[in-house]
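Working notes, structure below.
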Amino acid sequence: MYNNKLIASHWAIAGNHYCGDHYEIADVDFKERMETIAKIGFQGAGFVELDLLHTKEQYGYKEAKKILDANGITEVEVEVLDKWWDYDNAEAQISRKNVFEAAEKLGARHIKVFGADGDCDKDRFIEEFAKLCKDAENIGTRIAMEFMPFKKDMNCIKQGLEVFRAAGAKNGGFCLDSWHTFMGPSSYDDIALIKPEEIVTVELDDGYAELVSKSLWRDTCDYRLPAGEGDFECGDFIRRVLELGYTGTIGCEIIAIDHRELPLKRAAARAYASLKQYL
């Protein structure tokens, strides 16, 4: 029996939206979402930038933090930063400011970020990652790097470890997602290379071994299934992670066509059950 705290990842409870659909605001009000997931059993929740800005406008972060506290939502995840190392990219730097503000005001456990894609020298990327982690440390949070099979310079466990160990930032490490692990150049055997403190958070989700859409990006947006409903041997993945001694949060980043059509309560219950069956 494990006691890892469970996060209702943003897309698992956002309604009929997916990453990159240009309207990344959940269908259901912030307060109702938090009350619903708390009753189901979640102790954490994830939020993306546009949804955070909408919540700030609707409630203000001070009131939003009260709602989180009232519902026992102690593990807050905010995302996502891309191109955060590019100071000439105005949009990326605005996102960095927005996400860091939300993380500080809501007492976020961690901030999720993407890696480079052939557009940043390795040494500079490592240096900037160390700086990003220092900025996060100053507001009491951590940086969770999510490797992805379609990111040239951050597509696997080994690339992540190279960056983390060179940067030497104790509050930086993996967002270790089963989908990206299975579908990329990593293998489940590579999990043994990781020290438990190098994992900031884990996401347990499923998918099909053969692409449905002929595109990794479309599959990760439309066919990232609840754990146990695909081909990924999720039980083996999470067993290997937990056997490292990892005791942190576990999220359920479900991004699937059929899932986002569900009403909030059913979507949240399905997400929660997908995690609990392995814990």
Side-chain angles (χ1 to χ4, degrees), residues 4-5 7 9-10 19 24 43-53 55-56 61-62 64-65 68-69 73-117 120 122-148 151 153-154 157 159-177 180 194-203 246-251 253:
N4 303 75
K5 293 185 178 181
I7 292 177
S9 303
H10 175 79
C19 39
E24 300 182 355
Q43 301 108 325
F47 308 96
V48 300
E49 181 190 2
L50 290 181
D51 190 69
L52 288 164
L53 292 175
T55 297
K56 179 184 178 182
Y61 286 142
K62 185 176 181 179
K65 181 66 166 65
L68 292 169
D69 292 345
I73 303 299
T74 60
E75 313 303 308
V76 174
E77 168 182 272
V78 299
E79 58 173 317
V80 59
L81 298 184
D82 195 11
K83 314 294 184 186
W84 40 267
W85 58 87
D86 184 356
Y87 298 104
D88 294 325
N89 187 321
E91 183 178 355
Q93 295 310 310
I94 290 170
S95 289
R96 180 170 174 161
K97 180 180 178 182
N98 288 340
V99 169
F100 264 75
E101 179 192 18
E104 182 174 17
K105 299 295 186 183
L106 298 179
R109 180 184 184 274
H110 59 261
I111 298 170
K112 284 175 60 179
V113 306
F114 292 157
D117 192 22
C120 187
K122 183 191 291 185
D123 289 340
R124 179 168 176 262
F125 185 77
I126 291 169
E127 180 182 349
E128 291 299 334
F129 182 73
K131 290 179 182 178
L132 186 73
C133 289
K134 182 62 177 178
D135 288 346
E137 183 182 19
N138 289 338
I139 63 168
T141 192
R142 303 182 71 188
I143 297 295
M145 176 86 75
E146 187 168 19
F147 65 85
M148 300 177 174
K151 285 282 188 181
D153 295 337
M154 188 55 64
I157 288 171
Q159 285 184 337
L161 290 176
E162 185 177 1
V163 169
F164 304 152
R165 291 172 183 176
K170 293 183 179 180
N171 66 322
F174 285 119
C175 169
L176 188 62
D177 187 303
H180 298 308
I194 308 171
K195 300 173 184 177
E197 61 268 23
E198 293 172 325
I199 304 174
V200 175
T201 193
V202 170
E203 291 178 340
Y246 175 71
T247 58
T249 53
I250 301 174
E253 194 169 49

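Because only heavy atoms are used, hydrogens play no part in the values below, and waters and symmetry mates are left out as well, while side chains stay in.
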| task | Please tell me if the side chains of Asp135 and Ile139 come closer than 4.5 Å, counting only heavy atoms from C-beta onward. | result | no
Any ion pair linking Glu128 and Lys131 (charged N to carboxylate O, less than 4.0 Å)? yes
Sorted by chain and residue number, the side-chain contact (heavy atoms from CB on, under 4.5 Å) partners of Asp69 (sequence neighbours excluded) come out as Lys65
The ring-ring contact (aromatic ring centres under 6.0 Å, His included) partners of Phe100 (sequence neighbours excluded) come to none
Rounding to 0.5 Å, atoms CE (Met145) and CG (Leu161) come to a distance of 11.5 Å
Rounding to 0.5 Å, atoms CG (Leu132) and CD1 (Ile143) come to a distance of 4.0 Å
Across all chains, not counting sequence neighbours, the side chain to side chain donor-acceptor pair (under 3.5 Å) partners of Glu104 are none
Leu52 versus Tyr61: any side-chain heavy-atom pair under 4.5 Å?
yes
Nearest heavy-atom approach of Ala169 to Cys133 is CB-CB, 3.5 Å
Salt bridge (charged side-chain N to carboxylate O under 4.0 Å, His left out) filter on Lys195, not counting sequence neighbours, yields none
(Q) Are Trp84 and Phe125, when compared by the centres of their aromatic rings, separated by less than 6.0 Å? (A) yes
Worksheet item: Within the distance-only criterion (no hydrogens, no angle test), does the side chain of Ser9 pair as donor or acceptor with the backbone N or O of Gly251 below 3.5 angstrom?
Response: no
In terms of heavy-atom contacts, Gly115 and Asp82 come closest through O-OD1, 4.2 Å
Residues at least two apart in sequence or cross-chain that pass side-chain contact (heavy atoms from CB on, under 4.5 Å) with Ala167, listed by chain then number, are Ile126, Phe129, Ala130
Are the side chain of Glu203 and the backbone of Asp177 linked by a donor-acceptor contact shorter than 3.5 Å?
no
Residues Ser95 and Glu49: closest non-hydrogen pair is OG-OE1, 2.8 Å
Output for pair (Leu106 CG, Leu68 CG), nearest 0.5 Å, gives 6.0 Å
Contacts of Asn4 meeting side-chain contact (heavy atoms from CB on, under 4.5 Å) (sequence neighbours excluded), chain-then-number -> Tyr2, Leu242, Tyr246, Ile250
Here the side-chain hydrogen bond (donor to acceptor under 3.5 Å, both in side chains) pairs for residues 165-175, sequence neighbours left out, are Arg165-Glu198
With sequence neighbours left out, the residues meeting side-chain contact (heavy atoms from CB on, under 4.5 Å) with Gln93 are Tyr87, Arg96
By side chain to side chain donor-acceptor pair (under 3.5 Å), His110 pairs with (sequence neighbours left out) Glu77
In this structure, CE of Met148 is separated from CZ of Phe114 (nearest 0.5 Å) by 3.5 Å
Between the CD atom in Glu24 and the NE2 atom in His10, the distance rounded to the nearest 0.5 Å is 6.5 Å
For Thr249, the side chain to side chain donor-acceptor pair (under 3.5 Å) test, sequence neighbours excluded, returns Arg109, Thr201
- Query: Taking C-beta and beyond as the side chain, do Lys56 and Glu101 meet within less than 4.5 Å on heavy atoms?
  - Reply: yes
* To do: Begin from the C-alpha positions of Leu176 and Ile194 and carry the test side-chain contact (heavy atoms from CB on, under 4.5 Å) through to its verdict.
  => CA-CA 10 Å; Leu176 188 62; Ile194 308 171; 4.1 Å; yes
For Ile7 and Gly46, the nearest pair of non-hydrogen atoms, with its separation, is CG2-N, 3.9 Å
For Ala45 and Ile73 the tightest heavy-atom approach is N-CG2, 3.8 Å
### Side chain to side chain, Gln159 and Val163, heavy atoms closer than 4.5 Å
no
Sorted by chain and number, sequence neighbours left out, side chain to side chain donor-acceptor pair (under 3.5 Å) with Glu79 holds for Lys112
Nearest heavy-atom approach of Cys120 to Asp153 is O-OD2, 4.0 Å
Sorted by chain and number, sequence neighbours left out, ring-ring contact (aromatic ring centres under 6.0 Å, His included) with Phe147 holds for Phe174
One should read off an interatomic distance between Cys175 SG and Arg142 CZ, to the nearest 0.5 angstrom, of 12.0 Å
